[in-house]
Amino acid sequence: MAFEIITDSSTGLSQKYVTKNKIKMVSFKYYFGDEEFDTFPNTGNDDWVKEFYARLRKKQSANTSMINEDVFTKAFTNILNEGKDFIYLAFSSALSGTCEIAVGVMEKLKLLYPDRKMYVFDTKSAAQGQALNVHFAIKHRDEGRTIDEVYQWQVKNQLKICHWFTVDDLFFLKRGGRISTATAVAGTALGIKPIMHVNNEGKLIKMGTARGRRASLDVLVEKFGATAISPENQKVFIGHGDCHEDMKYVQKLLRDNYGVKEFETGYINPVIGVHSGPGTMTVFFYGTER
């Protein structure tokens, strides 16, 4: 039976990518005070996300809300009523309760559609790392694999989707409770940049530090080289917090040092950006282990 791939706006995937690859998107909301915005607006350009980062740079405070039960019910039911099954590749449950909400909706729908196949898969991933999960699901769907085979591949390879990132402004991590005020102040004064990743539980954890921005970008590339599988034959996903030149620098190193030929790049969505801030740089790839 035909099936749909669903994901959410944490992925940072563009409308062009979503349309081209025939996937369904459910969207978080973000807020500046009482102003509400969609994290996957109906637009073909990046002006809205550039404005988001511009407001963060002006020290305007933003927050997000989870995708609610009604949104999932509508999205899942529409697909089921079209006679299709679905697999939803969800934002890490360690970072959001959204996956749990989706599971609850799915379990209710299984009672109404007992003969249908439905999967909610906790990717334990975020941002363009989650998008890499989607990339493989699309690839396998287009190769003719069944929904069960797509799901089983995700389960088997979940912990091979590698996330490495650094941030430029430590005070965003401080606001999110990731580091203390003292650490943010001292680190900023000394030019210390954290090296972080998403671990096997899907949590953001600090793995080290680098002295200076350029050094932190170099470490991301070194981490790629340590565990990437066949780097010249895989698509590497890069997300950035409105820092194009740094993104180009990282791309060049990956090409020159490891022969990477194919990239998928884009802005880190506000779902993540409210916590990581402008200047965040991320590298996501398929590797031997997280």
Side-chain angles (χ1 to χ4, degrees), residues 7 10-14 16-17 20-21 46 49-50 53 92 123-140 157-169 191-200 202 204-269 272-273 276-290:
T7 194
S10 161
T11 56
L13 291 170
S14 67
K16 180 180 178 181
Y17 183 99
K20 176 184 176 183
N21 291 289
D46 293 326
V49 71
K50 292 177 184 177
Y53 281 107
S92 173
T123 64
K124 306 290 188 185
S125 294
Q128 277 78 2
Q130 184 183 342
L132 187 53
N133 285 91
V134 176
H135 163 75
F136 282 113
I138 292 166
K139 178 178 182 292
H140 297 147
N157 292 274
Q158 182 185 53
L159 302 182
K160 292 185 177 181
I161 304 299
C162 305
H163 305 54
W164 288 98
F165 68 100
T166 188
V167 303
D168 195 41
D169 187 336
I192 300 297
K193 306 297 180 183
I195 307 300
M196 304 183 73
H197 90 148
V198 174
N199 70 5
N200 288 355
L204 303 178
I205 63 169
K206 179 180 170 184
M207 296 294 287
T209 58
R211 189 72 176 267
R213 175 66 167 179
R214 186 57 60 90
S216 70
L217 302 182
D218 292 342
V219 172
L220 298 185
V221 176
E222 291 169 8
K223 295 295 186 182
F224 172 89
T227 61
I229 297 172
S230 299
E232 69 281 0
N233 296 319
Q234 67 165 292
K235 177 180 280 192
V236 175
F237 280 59
I238 298 178
H240 67 92
D242 198 31
C243 49
H244 290 270
E245 292 307 311
D246 288 338
M247 179 191 73
K248 291 176 182 177
Y249 173 76
V250 170
Q251 277 186 286
K252 185 176 188 305
L253 288 183
L254 291 171
R255 285 195 195 98
D256 293 349
N257 296 347
Y258 301 106
V260 178
K261 300 181 182 69
E262 194 174 5
F263 296 92
E264 187 71 39
T265 64
Y267 282 89
I268 295 168
N269 191 273
I272 308 296
S276 59
T280 302
M281 268 298 309
T282 60
V283 177
F284 306 99
F285 57 95
Y286 184 71
T288 55
E289 60 183 349
R290 288 194 177 186

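Throughout, numbering of the chain's residues begins at 1 and tracks the sequence. These numbers come from the heavy atoms of this one structure, side chains and all, not from hydrogens, waters or symmetry mates.
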Do [X] and [Y] have side chains that get closer than 4.5 Å, going by heavy atoms?
{"X": "L254", "Y": "I238", "value": "yes"}
{"X": "V250", "Y": "V221", "value": "yes"}
{"X": "Y53", "Y": "I268", "value": "yes"}
{"X": "P231", "Y": "F285", "value": "no"}
{"X": "F224", "Y": "V236", "value": "yes"}

Spatial distance of atom [atom1] ([X]) from atom [atom2] ([Y]) [nearest 0.5 Å]:
{"X": "M196", "Y": "K206", "atom1": "CE", "atom2": "NZ", "value": "8.5 Å"}
{"X": "Y267", "Y": "M247", "atom1": "OH", "atom2": "CE", "value": "9.0 Å"}
{"X": "T11", "Y": "Q130", "atom1": "OG1", "atom2": "CD", "value": "5.5 Å"}

Output all residues satisfying ring-ring contact (aromatic ring centres under 6.0 Å, His included) with F237, sequence neighbours left out; order by chain, then residue number. H135
Kindly give the heavy-atom pair with the smallest separation between [X] and [Y], and that separation in Å.
{"X": "N269", "Y": "S10", "answer": "CB-O, 4.2 Å"}
{"X": "A210", "Y": "A215", "answer": "CB-C, 3.9 Å"}
{"X": "Q251", "Y": "T265", "answer": "NE2-CG2, 3.9 Å"}

Does [X] use its side chain to pair, donor to acceptor, with the backbone of [Y] at less than 3.5 Å?
{"X": "K261", "Y": "N233", "answer": "no"}
{"X": "Q128", "Y": "F284", "answer": "no"}
{"X": "R213", "Y": "D246", "answer": "no"}

Applying the side-chain contact (heavy atoms from CB on, under 4.5 Å) criterion to T7, which one of N133, V134, T123 satisfies it? V134
Does anything in residues 215-227 form a side-chain hydrogen bond (donor to acceptor under 3.5 Å, both in side chains)? List the pairs, not counting sequence neighbours. D218-Y249
Note: K50-D46 ion pair, threshold 4.0 Å (strictly below): no
List, one per line, each side-chain donor-acceptor pair under 3.5 Å for residues 157-166, sequence neighbours excluded.
| from | atom 1 | to | atom 2 | distance (Å) |
| --- | --- | --- | --- | --- |
| N157 | OD1 | Y286 | OH | 2.6 |
| N157 | ND2 | W153 | O | 2.9 |
| Q158 | NE2 | D122 | O | 2.6 |
| H163 | ND1 | I161 | O | 3.1 |
| H163 | NE2 | S125 | OG | 3.3 |
| H163 | NE2 | A126 | N | 3.4 |
| T166 | OG1 | P194 | O | 2.7 |

The criterion is side-chain contact (heavy atoms from CB on, under 4.5 Å); which residues satisfy it with S14, sequence neighbours excluded? K16, Y17
The side-chain contact (heavy atoms from CB on, under 4.5 Å) partners of N199 (sequence neighbours excluded) come to H197, E201, K203, I205
Could you note down all residue pairs passing salt bridge (charged side-chain N to carboxylate O under 4.0 Å, His left out) where residues 229-238 supplies at least one of them, sequence neighbours left out? K235-E262, K235-E264
